[in-house]
Amino acid sequence: MTRALLTALRWHMFSATIYAAVACIALSAQPTTAQHLSDGDYEQCAVYDREDRFIGYDSVCLARKRALLRRFDGGRPQSDEPYYCPWTANNGQGFNMTWHSDGRVPTYFGTFDRTMDGIPCIGRSARRTRGYP
């Protein structure tokens, strides 16, 4: 092999290694929903005695915090009923696109409750009345 071919081969191997490393970092840094209590949650549920010594954690407070984490997923309440667009979203019909503040490409098709970082929702039908309201 010639020297130029070896140099080109080394460059391609180096660039493939860099691309693989960047892909691994990007995949491991994807946003996830909150699944565990944070240090701040534990601090809010901490119990101290009169001498300001740490006793432990309030189990009821921790149970409430865990229930809130189970109930909410990505800002949308988790329930069995569908999420209808609020009346503030284009009179209940929702907006047809949303922009993302984290730099993702805007979503142009769908029904969302906000125009910025919107959550998909089901639009309410327009109320039709006879004559003037």
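Source: prediction; values computed, not measured. Values below: all heavy atoms of this structure, side chains included; hydrogens, waters and symmetry mates excluded.
Taken from SG in Cys85 to CD in Gln93, the straight-line distance is 9.0 Å, to the nearest 0.5 Å. Taken to the nearest 0.5 Å, the CG atom of Leu62 stands 10.5 Å off from the CD atom of Gln44. In this structure, SG on Cys121 lies 8.5 Å from CZ on Phe112, to the nearest 0.5 angstrom. Annotation: the span from Leu37 atom CG to Lys65 atom NZ amounts to 8.0 Å, rounded to 0.5 Å. Atom SG of Cys61 and atom CZ of Arg66 lie 10.0 Å apart (nearest 0.5 Å). Here Phe54 contributes atom CZ and Asp49 contributes atom CG; the two are 11.0 Å apart, rounded to the nearest 0.5 Å.
Nearest approach of His100 to Asp117, heavy atoms of both residues: CA-OD1, 3.3 Å.
Counting only heavy atoms from C-beta outward, the side chains of Thr115 and Thr98 never approach each other to under 4.5 Å. Taking the side chain as every heavy atom from C-beta outward, Arg104 and Trp99 never approach each other to under 4.5 Å. You'll find the side chain of Thr107 stays beyond 4.5 Å of the side chain of Met97, heavy atoms only.
Met116 and Phe109 fall within the same hydrophobic cluster, where Ile, Leu, Val, Met, Phe, Trp and Tyr residues are linked whenever their side-chain heavy atoms come under 4.5 Å apart, directly or through other members.
Between the side chain of Asn96 and the backbone N or O of Tyr108, no donor-acceptor pair lies under 3.5 Å. A donor-acceptor pair under 3.5 Å is absent between the side-chain atoms of Asn90 and the main chain of Gly92, judged by distance alone.
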